[in-house]
Amino acid sequence: QVQLKESGGDSVQAGGSLRLSCDAPGVVRSYMIGWVRQDLGKAREGIAVIDIDGTTNYRDSVKGRFSISRDEDTLYLQMNSLKPEDTGLYYCAADWPRYGGRWYLNRPHEFSHWGQGTQVTVSS
């Protein structure tokens, strides 16, 4: 059973930093895995994705500020220079890599496995 559990979300002021973690034993290096954000309007968008080979893809709005990385069992999202528009519920999501990372970034609902989400709130 694929299990994903996010943590690290918090309320911070604009310009601050957070690091999100996704506990994903046996998943990180075997699946396409990434971070997906759901805003207050319930819209979901891919934030960052890392492929099995380590290739990363980022949404344009977070390039230069966010960094996705992994170790053996955990996926991370380092979030710097946070902005109010970064606010949302951040999910860790995974899928067998049927396609490349950019495909999943733009089609986050294609991910098959999801965590419970961790809330990030950025105030100005």
Going from [atom1] on [X] to [atom2] on [Y], what distance comes out if it is rounded to the nearest 0.5 angstrom?
X: Arg59; Y: Asn57; atom1: CZ; atom2: CG; result: 11.5 Å
X: Glu6; Y: Gln116; atom1: CD; atom2: CD; result: 4.5 Å
X: Asn106; Y: Tyr99; atom1: CG; atom2: OH; result: 14.0 Å
X: Ile33; Y: Ile50; atom1: CD1; atom2: CD1; result: 9.0 Å
X: Leu89; Y: Thr118; atom1: CG; atom2: OG1; result: 7.5 Å
X: Tyr76; Y: Cys92; atom1: OH; atom2: SG; result: 11.5 Å

For [X] and [Y], which heavy atoms make the closest approach, and how far apart are they?
X: Thr87; Y: Leu40; value: CG2-CD1, 4.5 Å
X: Ser30; Y: Pro97; value: O-CD, 4.4 Å
X: Asp73; Y: Gly26; value: OD1-N, 3.9 Å
X: Pro108; Y: Gly46; value: CG-N, 3.8 Å

With Arg37 via side chain to side chain donor-acceptor pair (under 3.5 Å) - residues at least two apart: Glu45, Tyr90

Listed partners of Lys63 passing side chain to side chain donor-acceptor pair (under 3.5 Å), at least two apart: Asp60

Is [Y] close to [X] at the side-chain level, that is, under 4.5 Å between some pair of heavy atoms?
X: Arg65; Y: Asp86; answer: yes
X: Tyr104; Y: Asp51; answer: no
X: Phe66; Y: Leu18; answer: no
X: Gln78; Y: Ser17; answer: yes
X: Met32; Y: Val49; answer: yes

When clusters are formed by joining ILVMFWY residues with side-chain heavy atoms under 4.5 Å apart, either directly or through shared neighbours, do [X] and [Y] land in the same one?
X: Leu105; Y: Tyr31; value: no
X: Phe111; Y: Ile47; value: no
X: Trp114; Y: Val2; value: no

CA sep, side-chain torsions, deciding dist, call: Trp35, Leu75, side-chain contact (heavy atoms from CB on, under 4.5 Å): CA-CA 9 Å; Trp35 293 95; Leu75 177 74; 3.3 Å; yes

Answer yes or no: is there a donor N or O on one side and an acceptor on the other, between the side chain of [X] and the main chain of [Y], under 3.5 Å?
X: Gln38; Y: Gly88; answer: no
X: Arg98; Y: Glu110; answer: yes
X: Tyr58; Y: Ile68; answer: yes

Residues Met79, Leu20; criterion side-chain contact (heavy atoms from CB on, under 4.5 Å); working and verdict: CA-CA 8 Å; Met79 310 166 71; Leu20 307 184; 3.6 Å; yes

